[in-house]
Structures are given as structure tokens and as C-alpha cells.
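For this chain, numbers begin at 1 and follow the sequence in order. Both counts, for ligands and for their atoms, begin at 1 and track the order of listing.
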Amino acid sequence: MKNRGKLLEQLTGVDSSKLNYYVELKKRNQDVLKQNSRLEILQQLTRDINIDMSIGDIIERAFRKLPEALPCDFLALAKLTEGKLKLIAVAPRDFTDLGYIPKQSILWNAFRDKGATSYNPMLDPLCLAQVTKKHVEPLRSLAAAPLFERSSVTGLLLLGSTIDAAYARAELNFAQHLADQLAISMQNARLYKQVSRAKKEWEATFRAVTDPIFLIDTDYNVLLHNGQLPPGMSNAFNQAISNKCFAKLRGGTEPCQNCPIQEIKETGKPVFQQWNTPEGEFLELSYYPVFNEEKQLAAVTIIMKDVTKKLKMEAQLVQSAKMVALGVMAAGVAHELNSPMTVIIGTAQMLARDLQGEEDSEHVEALSDIINCGLRCKRIIQNLLTFSRQDQAPFSPVDLNAEAERVLDMIQYQINRSQIAIFEHFDRDLPKISANGPQIQQVLTNFLINARDALTEVDGKEKVIEVATSLRLDGKQRWAVLSVSDNGIGIAPENVSKIFTPFYTSKEASKGTGLGLSVSLGIAESHHGNIEVESTLGQGSRFSLVLPVDESNDE
Ligand SMILES: Nc1ncnc2c1ncn2[C@@H]1O[C@H](COP(=O)(O)OP(=O)(O)OP(=O)(O)O)[C@@H](O)[C@H]1O
Ligand SMILES: [Mg+2]
């Protein structure tokens, strides 16, 4: 029996008697249970802390929970900034002012010790017990646990109690655990803020770009879109049932032929394309591959740039360069022809004078033909000279009828040669308009050449072009209208919207560049006017240049 008692004593290391042993065991058991419940509280606390909570809220929440684990009448968090320790959150909130902790305070010891320490605040004249304002009962115990970020201390967690010697080793351990958890939560919150700020900045940048941008995965699903769309595309995009790019962007049911995404899958390189939409817009499409960390293709970014305006301007430049070259040549030829024509007409007129009164009517008639044709040639030469100077011509009062006649003088012959009859219906009372005469001639010339081309393909009926001027009243505004009608091949309804787009032509390369109408529209718009088209496929077309009558120019 004696031996057994001895053995027990040796095995347990507990003092002799059984009673003592059980008392000790019970105490240890209670300690373990207490420890467990503290750990549980710690766990609950960390679970409760949301990533987007403020530090004040975190401290508030911890303060409410902590009394379940250890004595706690005060909780605070101090942060080290620029060598100073500043209280940034306290609970209860009205316990003390947020402010700097003096350098001489014993709280700084926790920094130097790099571990949780307990103090008697009553012994520290600079410490929190003394700054208490509303809470009459002073703190008698204080525990300070350093907050670590990697291995350096960045702040302090302070726990206070009105009980004497409230924080023994176990409580200090707990305080340090809590401080470690809070440090992680704060770090997470800071990272979260940084990430969400970066996300917001990136989203704002993404949405600020006015060109449409899409992120498409390799399975053709639209992942992201910056909310911008080309004008003609928004309905189809928003109403598409499927989220696939071919459905949203092109209204298709399967991937488009020659899909650039397919090409990127094969080559991994960006692809650039131009797309002429059914609405007549020109879009420059850039497809960029997006790779994941394994360097595999994860998605494709598409950027759309509307270049319709740019192309129109380029077309206008090309056309004006062409016109300048043509003008220079025309001016040269006209100038060369001017002198011989003057001689021809002069000589014919002299001969006609010599033959005056003679019976030789055949010669007289022939001479009068020479003189008339010669004068006509001179008019054409004059027009060519005017035409070549069009860039310098400012806006001036222009008589549309006279401009039309000038153009007809120049090209009537060419048109008649194609067995086309030209009829003129001029409103002789048409007021003058303020315009650039040569540009008006350019528009009319293009209308007439287009009409001629539309008639060359027609067989078996009388080919007719009608050139007309008229006045239109629209409320108080008066408009001068110059129109060219033909009974040629006409235009299919689906093509009417395209004919003003630069480079759109149905003619073979040697015959048309597709610039005529886009430039004509540019001219009409620069005169604050417009071009109207009426056309029926197989029956003919009418193109009307509609220009405002500036009342101050009325004569
Ligand atoms: N009177 C018309 N009848 C039928 N189609 C027309 C008529 N006028 C224009 N078009 C159509 O519109 C297209 C564009 O005309 P536009 O004048 O811009 O270019 P183009 O005549 O083809 O070339 P360019 O004028 O630059 O030499 C023509 O190719 C033609 O298909
Ligand atoms: Mg043309």
C-alpha cells in the first residue's frame, strides 16, 4: 500500500495524498476548459471580423465579446506612425480621447520587450488610468500586447480592467493571440482596400474609354464589356438571348467565318480587322490575346474603333488631291486651247464678215457653225478654268441655274454620246444662294456621271436624264433644290444607306472610286444642306442637292 502511494506520487508528480491529487487534477481540467473556451471566443471573434470592417468596429466588437474570456473594461488599439504611438480606436468610445501616448509611458515597454506585458496603470502617471474622464472607476490592471507585421512591431493592443492584477500569464498569452489575430485582420483589411481601390480605378478606366471594349473567353462568351457600343449595334447587343459574342455582336448562331479568336487560338498573336457594318459604319477591330499564368490563352480583348469619320475625311482629302491634279491639268489644257480658239473664232468671224451680202449661203452657214461651236468651246474652256480654281473660291451669291448650265455645257456632249437625252426643268425665279460655285458644279458633275453610268447598263428603253431646279418651302426656311433624275438601273433598298460611304462603289475599278457621293455629301453639309435620294431598283433614281436660301442674299 505504501509502495503504491509512492508509485502514484512518482508517476503524477502530485503531492502525496489522493485528495490533493484530485484537487490538482480538477484545477488543471478547469484551466484547460477555460483555455478552450478562450480559444473558441477568439475563433468566433476572428470569424466575426469582416474584411471591410473599420478598425473602430473591430475593437468595438471584440470589446463586447472579450468579457466572456477575461476581465476587460477597456480595449484600445494604438498604431505606430512616424515613431509615435497613437490611439486609433478605443472601447468604450467615450473612455478617453484618441491621441498620442507619451514617450515616457510604461506602455512603450511592450515594444521593447516584443511580448505581452501587464502593468499597474496607477503607477504610471502618464497612462490611461489618469486620462479617464467619464469612467470614474480607474483601471487597476493594464495588458499591452504588440501587433506584429512580419517581425516588426507596428502597434499595441491594450486591455484594461478595474480589478487588481487581472492579467496573469494565461491572460497575457490570450491577449497576444488576440493581438496576432487582429494584426492579420488589419493587414487583410488593408490589402482588401488596396485591391478594391485598384479594382475601382481599373473599372473607372475601363468605362472611361469611349471605344467599345469586350473581354471574350475562348468559348466565345462575353465576360466583360465597358458599356460602350457602336450606335447601330446597341439593340442587337442588349436583346440577344445568348451571351456568345457572335450572337451579341453579329446576330449569328454560330462562330463567324474566319473568326479572329480562332486565329488567335492558333497563333497566339493579335489580329486586326476592318468591318463595314450593315449600318454603313467602318469599324477597326483589334483582337488581343489575354494569357493566364500558365501562358495559355484565357480570353481575347476586342477593341472597336469607329473610323467612319476619319475615312470620310481621308476620302475628301484624296478626292481634293485628285481634283487639284485634275484642275492643274485642265487649267493647262484650257490655257493652251484658249489662244488657238480665239484665232479660230476671230478668223471665222472675219471670213463671215467678208462673205456678208454674198449669195454663198452654204459657206455662210458653215462659217456660222464654226463660230457657234468655237464659242461653245470657249465657254467650256472658261468653265474648265473656273473648275480648276475651285479651292480658292469663297462663298458668294450663286445662281444654281447658271451653275447647272455651265456643267451641262461641259459634259452634255459626253452624255449625249451615250444615246441619253437630257431635259432641263429650271425654275427661273430661283433666288441666289450663298455657295462655293465650283463645289456645286462638282456635286452636279458627279450626279450626272452617276446617272449616265446607271443608264449605260439599261437596254431597250429611251434613256433620259432630267436636270431640274426648284424652290422648296419648309416653314419659314426656303431651300433651293438641284436634282438629277434618271431612268437607269436604280439602287437596291439595302444599298441606299451605303452609297454615301467612302469607297463604296458598284463600278469596276477603272470607272469608279466610290468617293463621289461621300465627297458630295461633305460639300452639301458644309453648305448646311443635304443630299436626298429616291430610287427604285430597275426604274431609276433621283439625287437632289438641297441647299438653304440665305434670306440676306436674296436678290
Ligand atoms: N444614279 C444612280 N443610279 C444607280 N446607282 C447609283 C447612282 N448614283 C450612285 N449610285 C451608286 O452609288 C455608288 C457610289 O457612287 P459614288 O458617286 O460615290 O461613287 P462612284 O460613282 O462609284 O465612283 P466615283 O464617283 O468616285 O468615280 C455607285 O457606285 C453606284 O452603285
Ligand atoms: Mg460617282
Asker: Rounded to the nearest 0.5 Å, what separates atom OH in Tyr192 from atom NZ in Lys199?
Answerer: 8.0 Å
Asker: Considering only heavy atoms of Ala454, which atoms of ligand 1 have at least one such atom less than 4.0 Å away?
Answerer: 2 (C), 3 (N), 4 (C)
Asker: To the nearest 0.1 Å, how far is atom 21 (O) of ligand 1 from its closest protein heavy atom, and which atom is that?
Answerer: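 Result for atom 21 (O) of ligand 1: Lys507 NZ, 2.6 Å.
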Asker: Kindly confirm whether the Mg ion (ligand 2) is within less than 2.8 Å of some N/O/S atom in Asn446?
Answerer: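 So Asn446 counts as coordinating the Mg ion (ligand 2), yes.
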Asker: What protein heavy atom is closest to atom 26 (O) of ligand 1, reported as residue, atom name and distance in Å?
Answerer: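 Minimum-distance protein heavy atom for atom 26 (O) of ligand 1 reads Thr513 OG1, 2.4 Å.
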Asker: Just wondering, are more than 12 heavy atoms of other shown residues or ligands nearer than 6.0 Å to CD in Glu254?
Answerer: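 Open.
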Asker: Need the ligand 1 atom indices (1-based, order shown) with element for anything under 4.0 Å from a heavy-atom of Asn446.
Answerer: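 The list of qualifying atoms is 17 (O), 25 (O).
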Asker: How far is atom 17 (O) of ligand 1 from its nearest protein heavy atom, and which residue and atom name does that atom have?
Answerer: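 Looking only at protein heavy atoms, the one closest to atom 17 (O) of ligand 1 is Asn450 ND2, 2.9 Å.
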Asker: Ligand 1 versus Ile449, non-hydrogen atoms closer than 4.0 Å: side chain, backbone, both, neither?
Answerer: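 Neither; no heavy atom under 4.0 Å.
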Asker: For Asp550, does its backbone N or O pair with a side-chain atom of Ser434 as donor and acceptor, under 3.5 Å?
Answerer: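 Such a contact is absent between Ser434 side chain and Asp550 backbone.
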Asker: Is it the case that the side chains of Lys432 and Ser396 hold a donor-acceptor pair, with the cut-off being a distance below 3.5 Å and no angle test?
Answerer: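 No.
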Asker: Can you establish whether the number of heavy atoms outside Lys461 located under 6.0 Å from its atom NZ is more than 12?
Answerer: yes
Asker: Please check if the number of heavy atoms outside Tyr413 that lie under 6.0 Å from its OH is greater than 12.
Answerer: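 Result for OH/Tyr413: open.
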Asker: Examine Gly516 against ligand 1 and note whether any of their N/O atoms are separated by less than 3.5 Å.
Answerer: yes
Asker: Might you confirm whether atom NZ of Lys86 has over 12 heavy atoms from other residues, nucleotides or ligands at distances under 6.0 Å?
Answerer: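 Yes, enclosed.
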Asker: Please state which protein non-hydrogen atom is closest to atom 30 (C) of ligand 1 and give its distance, to 0.1 Å?
Answerer: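 Protein heavy atom with the smallest distance to atom 30 (C) of ligand 1: Ser506 OG, 3.4 Å.
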Asker: Crowded around Lys265 NZ? As in, over 12 foreign heavy atoms under 6.0 Å?
Answerer: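 Enclosed.
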Asker: Is any NZ, NE, NH1 or NH2 atom of the basic residue among Arg406 and Glu403 found under 4.0 Å from an Asp or Glu carboxylate oxygen of the other?
Answerer: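 Salt bridge: yes.
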Asker: Nearest heavy atom to atom 15 (O) of ligand 1 wins, so pick from Leu448, Val533, Leu517.
Answerer: Leu517
Asker: Give the residue, atom name and distance (to 0.1 Å) of the protein heavy atom nearest atom 1 (N) of ligand 1.
Answerer: Asp486 OD2, 3.0 Å
Asker: Does an N or O from Phe543, backbone or side chain, lie closer than 3.5 Å to an N or O of ligand 1?
Answerer: no
Asker: Just need the protein heavy atom nearest to atom 23 (O) of ligand 1, so name the residue and atom and give the distance.
Answerer: Gly514 N, 2.9 Å
Asker: At what distance is the nearest protein heavy atom to atom 14 (C) of ligand 1, and which residue and atom is it?
Answerer: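 For atom 14 (C) of ligand 1, the nearest protein heavy atom is Tyr504 O, 3.3 Å.
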Asker: Between Asp427 and Asp429, is there a donor-acceptor pair closer than 3.5 Å when you use the side chain of the first and the backbone of the second?
Answerer: yes
Asker: Run the contact test for Gly490 against ligand 1 with a 4.0 Å cut-off on heavy atoms, strictly below, and give the result.
Answerer: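 Within the 4.0 Å threshold, so yes.
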Asker: Are Glu201 and Arg197 close enough for a salt bridge, meaning some N to O gap below 4.0 Å?
Answerer: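 Judged by the 4.0 Å cut-off on N to carboxylate O distance, Glu201 and Arg197 do not form a salt bridge.
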Asker: Tell me whether Phe447 reaches ligand 1 (any heavy atom closer than 4.0 angstrom to a ligand atom).
Answerer: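 Contact absent.
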Asker: Which protein heavy atom lies closest to atom 12 (O) of ligand 1, and at what distance to 0.1 Å?
Answerer: Ile499 CG2, 3.2 Å
Asker: Using a 3.5 Å distance criterion without hydrogens, assess whether the side chain of Asn226 forms a donor-acceptor pair with backbone atoms of Ile213.
Answerer: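 Checking the backbone N and O of Ile213 against the side chain of Asn226, a donor-acceptor pair under 3.5 Å is found.
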Asker: Is Ile491 touching ligand 1 with its side chain, its backbone, both, or neither, if touching means heavy atoms under 4.0 Å apart?
Answerer: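 For Ile491, the contact with ligand 1 is made by the side chain alone.
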Asker: Identify, by atom number and element, the atoms of ligand 1 in contact range of Thr505, meaning under 4.0 Å from any of its heavy atoms.
Answerer: 20 (P), 22 (O), 29 (O)
Asker: Answer yes or no: does an N/O atom from Ser518 fall short of 3.5 Å to an N/O atom of ligand 1?
Answerer: no
